[in-house]
Amino acid sequence: MTNVTVNNVTVNNDTVTNDTVTNDTVTNPSETAPPMAATPMDKGIRRRDFFKALAAGSSIVALAACADTPEKLIPYMLPPDNVEFSPGNPLEYATTCTECAAACGMVIRTREGRAIKAEGNPDHPLNQGSLCIRGQATLQTHYNPARISSAMRKVSGTWSETDWEATEQLIANTIAAVQDKSQVVLVTGNAQGTRAKFLDAWLSAIGASPKVVLDPLATANLVAANDRTFHRAEVPEYRLEQADLLLNFGAEFLEGWLNQVENQRRFTAMHAMDDASGRKGHFVHVGPHQSLTGSNADEWIGVKPGSEPFLLMALAREVLTKSRPRLNSSEQNALKNYLEGYTIERAASETGVSRDRLQTLANAVRKAKSPLALAGGNALATEDGTRAQVAVNVLNYLTGAIGKTVIFGATQEQPNAARMDDLVALGERIARGEVKVLILDGVNPGYVLPLATKMAAGLQITHTTVSLSSNWDDSTRSADIVLPSRSGLERWGDAFPRKGVASLQQPVMAPVFPVKAAEDTLMGIAAKLQLDAFAQTPTYRDYLRAAWRIVQTDTGQGGDFESFWRGALQRGGVFQQVTYSSTVRLDPAALDKAPVAAKLAGEGLA
């Protein structure tokens, strides 16, 4: 065994921890890799001394001499063999972006064991080498100097560092002391892929309440409406590039709705001039304000806030009565009753838009060969949001978009996020003292949720609040214990964003701070509770590898598992060409209640 001292950190050359892959080599970034060394500027060198050093000729000696405290520069005479290291040569690792739920493929470039640049993975079928601004900012999250670097505990209102293992034991003892284990609640912002099953297994082993997924950009109403309308509880694929008329009711698809990178690529194709016909797709944005997405529209129809459903219903009625789409008798009767009374005149009165302009829009919808209607944002962010999405589904069904520009069967994975009424119910449970242990897994409910949920106030009265966040956000400051997690570039994970796409996430460098991934922290607590659920997989990497043995079988990949695993790491996952199409029929029972205008209220309104 050989030990090497670098920057006062001893690295054990025989220690092997995390697997990562670049090109054809499997290597292991060390858990104990040297941290970024402090620069002479950090040590208090004076500006005048710095310029003197530059003029001296031997800058290294001069810098050391003029610093307040002499330091020794220890070069990599013998670099550690448990870190992939090639001085001056950048190495790249394929992984999955965790900045949002889209799960785009990423390639992280590293030098001397440090991540320096993020780009899109060209082999990933969703983003195809592109990466949005949030993905590009991954390194800012990773190297954020405000990250919490150790276990913390608040005693009498004062935070202090504490031992990690002792803190895990404290949490385990607190959970064990709760007689009704349903009073243990975990709120998470990441419930994708294998992680969702892991959290379910962890909570089930304890006997705790089911996980609560908090995602402000979630698509809960969209999934619920699809289930109600077509009995397909999924997010379909929206083929924007095939639409000749795109009608958007508040969905910020160029900013954060579903996979914005894929949406941008498809919108560019839809909105580009066709050389053969000399025409391009027409984009109409309907909403009370002009978002970044709306600013790219050919036409903006400014409507009163909450009045979008009336226009949707009026357009659907125009198509039903004047275009006479092919429908069976039950559908015909149900739609006629559903749309009764929603005239263009009523829509003009409710939206504040002239009748002539709305009639022109209705005529364009009827004449379009391949129209597509989308909805999101404020149009769905109401108690009646599911009904509004049902109206969108009805319009797409009548115009023939279902099966052409709206494709079911892709089974896009989206977090099964809690609806607002679920979050209000949780806030009420906390207020009644029915939550003894609240675990916040990378979420900030005290900030993102409205005051009506009582969540911010509830964080102050919960018996024990544990935060696994790496930042001092509002909710973390209200917690009692903090066990910060690693960043997305330091941990393991996966995602299955669409049929045929299985993305892997791997650590691309050693941790910047001596902390655990949230999953390993939960496993540590489970071990201290003497639970057998994870006895065969003591680390989350082991748990993930076990899950990917099933992926190997499901994707029909032959050979031994280790070869399959290395290949998946090299490519960033398993990507297969699959075809999917699903014929759906409208369920007339979904048309029992029509949407109504949203009631706007709250502390943020004048």
Side-chain angles (χ1 to χ4, degrees), residues 222 225-226 228-230 232 235-251 253 263 266-267 270-271 279-287 297-299 301 303 308-340 342-344 347 351 357-376 379-380 387-410 581-588 590-591 594-595:
L222 175 60
N226 290 337
R228 182 181 301 180
T229 312
F230 304 118
R232 300 299 295 266
V235 177
E237 178 186 355
Y238 293 98
R239 296 181 177 175
L240 279 67
E241 73 280 8
Q242 297 182 13
D244 59 355
L245 175 62
L246 179 59
L247 190 59
N248 180 39
F249 290 83
F253 61 86
N263 290 339
R266 292 187 159 184
F267 173 73
M270 171 263 180
H271 213 224
R279 304 181 64 180
K280 67 183 183 71
H282 190 70
F283 173 28
V284 180
H285 180 76
V286 180
D298 300 295
E299 183 180 357
I301 300 179
V303 299
E308 295 92 340
F310 290 99
L311 180 53
L312 277 164
M313 299 289 281
L315 293 175
R317 184 176 183 275
E318 284 286 303
V319 176
L320 177 65
T321 57
K322 296 182 180 180
S323 296
R324 301 193 179 278
R326 294 181 179 178
L327 302 169
N328 59 43
S329 59
S330 61
E331 293 174 340
Q332 183 78 33
N333 294 332
L335 286 168
K336 182 179 179 180
N337 295 331
Y338 177 68
L339 300 173
E340 186 68 30
Y342 287 91
T343 62
I344 289 293
T351 61
R357 190 174 186 188
L358 295 187
Q359 188 62 61
T360 300
L361 177 63
N363 294 339
V365 172
R366 290 193 299 107
K367 294 177 182 178
K369 295 180 179 179
S370 183
L372 172 61
L374 305 175
L380 298 186
R387 292 183 190 173
Q389 181 61 46
V390 168
V392 176
N393 290 347
V394 168
L395 179 58
N396 281 327
Y397 191 75
L398 290 173
T399 59
I402 304 297
K404 184 183 296 184
T405 53
V406 181
I407 309 298
F408 284 90
S581 61
S582 178
T583 301
V584 298
R585 299 298 304 184
L586 179 69
D587 182 3
L591 310 180

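FYI, side chains are in, hydrogens and waters are out, and symmetry mates aren't considered; it's all heavy atoms of this structure. In this chain, residues are counted from 1 in sequence order.
We find the CD1-CZ distance between Ile407 and Arg239 to be 4.0 Å, quoted to the nearest 0.5 Å. Taken from CD in Gln359 to CG in Leu315, the straight-line distance is 9.5 Å, to the nearest 0.5 Å.
Nearest heavy-atom pair across Pro588 and Ala334 is CB-CB, 3.6 Å. Residue Ala375 comes nearest to Ala251 through the heavy atom pair C-CB, 3.7 Å, listed as atom of the first residue, atom of the second, then distance. Scanning both residues, Phe408 and Arg232, for their nearest heavy atoms gives CD2-CB, 3.8 Å. Closest heavy-atom contact between Arg266 and Glu241: CD-OE1, 3.1 Å. Ala362 approaches Ile344 most closely through the heavy-atom pair CB-CD1, 4.2 Å. In terms of heavy atoms, Leu395 sits closest to Val319 at CD1-CG2, 4.4 Å.
Here Gln332 pairs with Leu320, Leu327 under the side chain to side chain contact (heavy atoms under 4.5 Å, CB included) rule; sequence neighbours left out. In terms of the side chain to side chain contact (heavy atoms under 4.5 Å, CB included) criterion, residue partners of Ala225 (sequence neighbours excluded) are, by chain and number, Thr386, Gln389, Val390, Asn393. Under the side chain to side chain contact (heavy atoms under 4.5 Å, CB included) criterion, Asn328 pairs with Ser330, Glu331, Arg585, not counting sequence neighbours. The side-chain hydrogen bond (donor to acceptor under 3.5 Å, both in side chains) check on Lys280 picks up His271, Asp298, with sequence neighbours excluded. Listed by chain and residue number, nothing satisfies the ring pair (Phe, Tyr, Trp, His ring centres under 6.0 Å) test with Tyr338 (two or more places apart in sequence, or in another chain). For Glu299, the salt bridge (charged side-chain N to carboxylate O under 4.0 Å, His left out) criterion is met by Arg357, not counting sequence neighbours. Residues forming a side chain to side chain contact (heavy atoms under 4.5 Å, CB included) with Ala243 (at least two apart in sequence, or on another chain): Leu372, Thr405. Under the ring pair (Phe, Tyr, Trp, His ring centres under 6.0 Å) criterion, Tyr342 pairs with no residue at all, not counting sequence neighbours. Arg387 meets the side-chain hydrogen bond (donor to acceptor under 3.5 Å, both in side chains) test with Asp384; sequence neighbours excluded.
Annotation: side chain of Tyr397 is not in contact with side chain of Thr229 (no heavy-atom distance under 4.5 Å). Contact check for Val284 versus His282: side-chain heavy atoms found under the 4.5 Å cut-off. Between Ile301 and His285, the closest side-chain pair of non-hydrogen atoms is not below 4.5 Å. Proximity of Leu358 to Thr351: side-chain heavy atoms (C-beta onward) are separated by under 4.5 Å at one or more points. Side-chain contact between Leu222 and Val235 is present, with at least one heavy-atom pair separated by less than 4.5 Å. Side chains of Leu361 and Leu247 form a contact here, defined as non-hydrogen atoms less than 4.5 Å apart. Contact annotation: the side chain of Leu335 approaches that of Leu591 to within less than 4.5 Å [non-hydrogen atoms, C-beta and beyond]. Proximity of Leu312 to Phe249: side-chain heavy atoms (C-beta onward) are separated by under 4.5 Å at one or more points.
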Exercise for review: In sequence, state the C-alpha distance, the side-chain angles, and the governing distance for Phe230 and Ile402, and then conclude on side chain to side chain contact (heavy atoms under 4.5 Å, CB included).
Suggested key: CA-CA 10 Å; Phe230 304 118; Ile402 304 297; 4.1 Å; yes
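Pairs passing the salt bridge (Lys or Arg N to Asp or Glu O under 4.0 Å) check and including a residue from residues 314-326, sequence neighbours excluded, read Glu318-Lys322. Among pairs with a residue in residues 362-371, none fulfils salt bridge (Lys or Arg N to Asp or Glu O under 4.0 Å), at least two apart in sequence or across chains.
Taking the centre of each ring, Phe253 and Phe283 come in below the 6.0 Å mark.
A donor-acceptor pair under 3.5 Å links the side-chain atoms of Asp244 to the main chain of Ser370, judged by distance alone. Put simply, the side chain of Asn396 gets close to the backbone of Ala373: a donor and an acceptor are under 3.5 Å apart.
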